[in-house]
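The structure appears right after this line, and notes come after that.
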There are 2 protein chains.
Amino acid sequence: MTTLPRNTRQRRAVAEILARTTEFSSAQQIHEQLRRHGQAVGLSTVYRTLQALVDSGEIDALHDGEEILYRRCEVSHHHHHLVCRHCGAAVEVEGPGAEQWAACVAEEHGYVDITHTLEIFGTCRDCAAQM
Amino acid sequence: MTTLPRNTRQRRAVAEILARTTEFSSAQQIHEQLRRHGQAVGLSTVYRTLQALVDSGEIDALHDGEEILYRRCEVSHHHHHLVCRHCGAAVEVEGPGAEQWAACVAEEHGYVDITHTLEIFGTCRDCAAQM
DNA sequence: ATTCTTGCAAACTATTTGCAGAACA
DNA sequence: TGTTCTGCAAATAGTTTGCAAGAAT
């Protein structure tokens, strides 16, 4: 049997922050937010908690080249993102045919056990305005 | 006037390795290859050279989550890859409509200055065979 | 002769891990 | 009470950088 995670103050605090935000944030940013909200949590605990949430499918993670960004998404099924590289604001988008296309290309070349990454980075309206 | 890079033994050696290989390789792997070919080059020089080659558009780079992988591609225009996560063997593929789709989605949401990542990872035939 | 390049060692960044003490069930 | 969780400090891993010595033009 799989053991359920314990209901700790730290886990609740991290979940709370993720619930409040619609933007992709790094573990360090979340750690900082927690401090500001008077809910300090050790950085390693933040990393461990985020990893657990990703594993259980409760949040999405993506690499932006520098670091890993996390966010709680609306939809639970597979999707992609249009992310602001300045503030992390994100829009969930469907990759029309992207999955089939990837599977098709892979099969054509004899590749198996496929995964794919498809993210769009840009500057959102608000960030563009203040520049 | 932009200064051309100097023609050094190290730069030639790195270019040589990249010319020989069709697989995506990490800076450390290339550094190791150089040693094995009796053409030792400092690791930082390898990093600097690869970065310069990426900047000049002579080679492609991609993140695989762990590290940055480099390779000299056939075509010079924008394209995507189907990469073996075990050996780095890669196939260059066109993302049919992917660019327009990305641009369209971005515009629709007011995002500007767009870039996108689209890579497919899998296990190539050869690697799958020996498992 | 001048300027760019190299290589080493040290610095950095993001992330992970060992372990002893604290907290949950 | 027994097991999981936390937090600190230290360890990792990949990559970058300062700087003095070496090489290219």
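We use all heavy atoms of the structure for the numbers below, so side chains are in, but hydrogens, waters and symmetry mates are not. Note that this is a predicted model, so its numbers are computed, not measured. The sequence lines fix the lettering, A, B, ..., with proteins before strands; numbering per chain opens at 1.
Inspection of the A:Glu99 and A:His78 side chains reveals an N or O donor paired with an N or O acceptor under 3.5 Å. Between the side chains of A:His37 and A:Glu16, no donor-acceptor pair of N or O atoms lies under 3.5 Å. For the residue pair A:Asp126 and A:Gln130, no side-chain donor N or O sits within less than 3.5 Å of a side-chain acceptor on the partner. Of the N and O atoms on the side chains of B:Arg85 and A:Thr115, at least one donor lies less than 3.5 Å from an acceptor on the other residue. Side chain to side chain, B:His77 and B:Glu94 meet the donor-acceptor criterion of an N or O pair below 3.5 Å.
The side chain of B:Ile68 sits closest to D:dT15 out of D:dT15, C:dT15, C:dA25. Among the nucleotides C:dT6, D:dT15, C:dT15, the one closest to any side-chain atom of A:Gln28 is C:dT15.
Between B:Leu69 and A:Thr45, the one whose closest nucleotide on DNA chain D sits nearer the 5' end is A:Thr45. Looking at which nucleotide of DNA chain D each of A:Arg9 and B:Tyr70 is closest to, the 5′-most match is held by A:Arg9.
A straight line from CZ of A:Arg11 to P of D:dT4 spans 13 Å, rounded to a whole angstrom. Per the geometry, CG belonging to B:Asp64 stands 11 Å off C1' belonging to D:dG14, to the nearest Å. Protein atom CD1 of A:Ile30 is 11 Å distant from nucleotide atom P of C:dT15, rounded to whole Å. Residue A:Arg12 contributes atom CZ, which lies 13 Å from atom P of C:dA23 at whole-angstrom precision. Between B:Leu43 atom CG and D:dG14 atom C1' there is a gap of 9 Å when expressed in whole angstrom units. With rounding to whole Å, B:Gln51 atom CD is found 17 Å from D:dG14 atom P. Computed from coordinates, the A:Leu50 CG to C:dT15 P distance equals 10 Å when rounded to whole Å. Protein atom CD of A:Glu67 is 17 Å distant from nucleotide atom C1' of D:dA13, rounded to whole Å.
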Pairs: protein N or O with nucleotides 17-19 of chain D N or O, under 3.5 Å:
none

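With side-chain heavy atoms closer than 4.5 Å counting as contact, directly or through intermediates, the hydrophobic cluster containing B:Tyr111 also holds A:Leu82, A:Val91, A:Val93, A:Trp101, A:Val105, A:Tyr111, A:Ile114, A:Leu118, A:Ile120, B:Leu82, B:Val91, B:Val93, B:Trp101, B:Val105, B:Ile114, B:Leu118, B:Ile120. The hydrophobic cluster containing B:Leu43, built from Ile/Leu/Val/Met/Phe/Trp/Tyr side-chain heavy atoms closer than 4.5 Å, also comprises B:Tyr47. Connectivity analysis of hydrophobic side chains (ILVMFWY, heavy atoms under 4.5 Å, direct or indirect) links B:Ile68 to B:Val14, B:Ile17, B:Leu18, B:Ile30, B:Leu34, B:Val41, B:Val46, B:Leu50, B:Leu53, B:Val54, B:Ile59, B:Tyr70.
Checked by distance alone, A:Arg6 brings no side-chain donor or acceptor within 3.5 Å of a matching partner on the base of D:dC5.
Dashed line: the shortest gap from a side-chain N or O of B:Gln10 to OP1 or OP2 of C:dG7 is under 4.0 Å. OP1 or OP2 of D:dT6 has at least one side-chain nitrogen or oxygen of A:Thr8 nearer than 4.0 Å.
Applying the side chain to side chain donor-acceptor pair (under 3.5 Å) test to A:Arg71 and every residue at least two apart in sequence or in another chain returns A:Glu92.
Pairing each heavy atom of A:Gln29 with each of A:Ser25, the nearest pair is OE1-CA, 3.2 Å.
A heavy atom closer than 4.0 Å to some atom of DNA chain D occurs in A:Val41, A:Gly42, these being the qualifying members of residues 31-42 of chain A.
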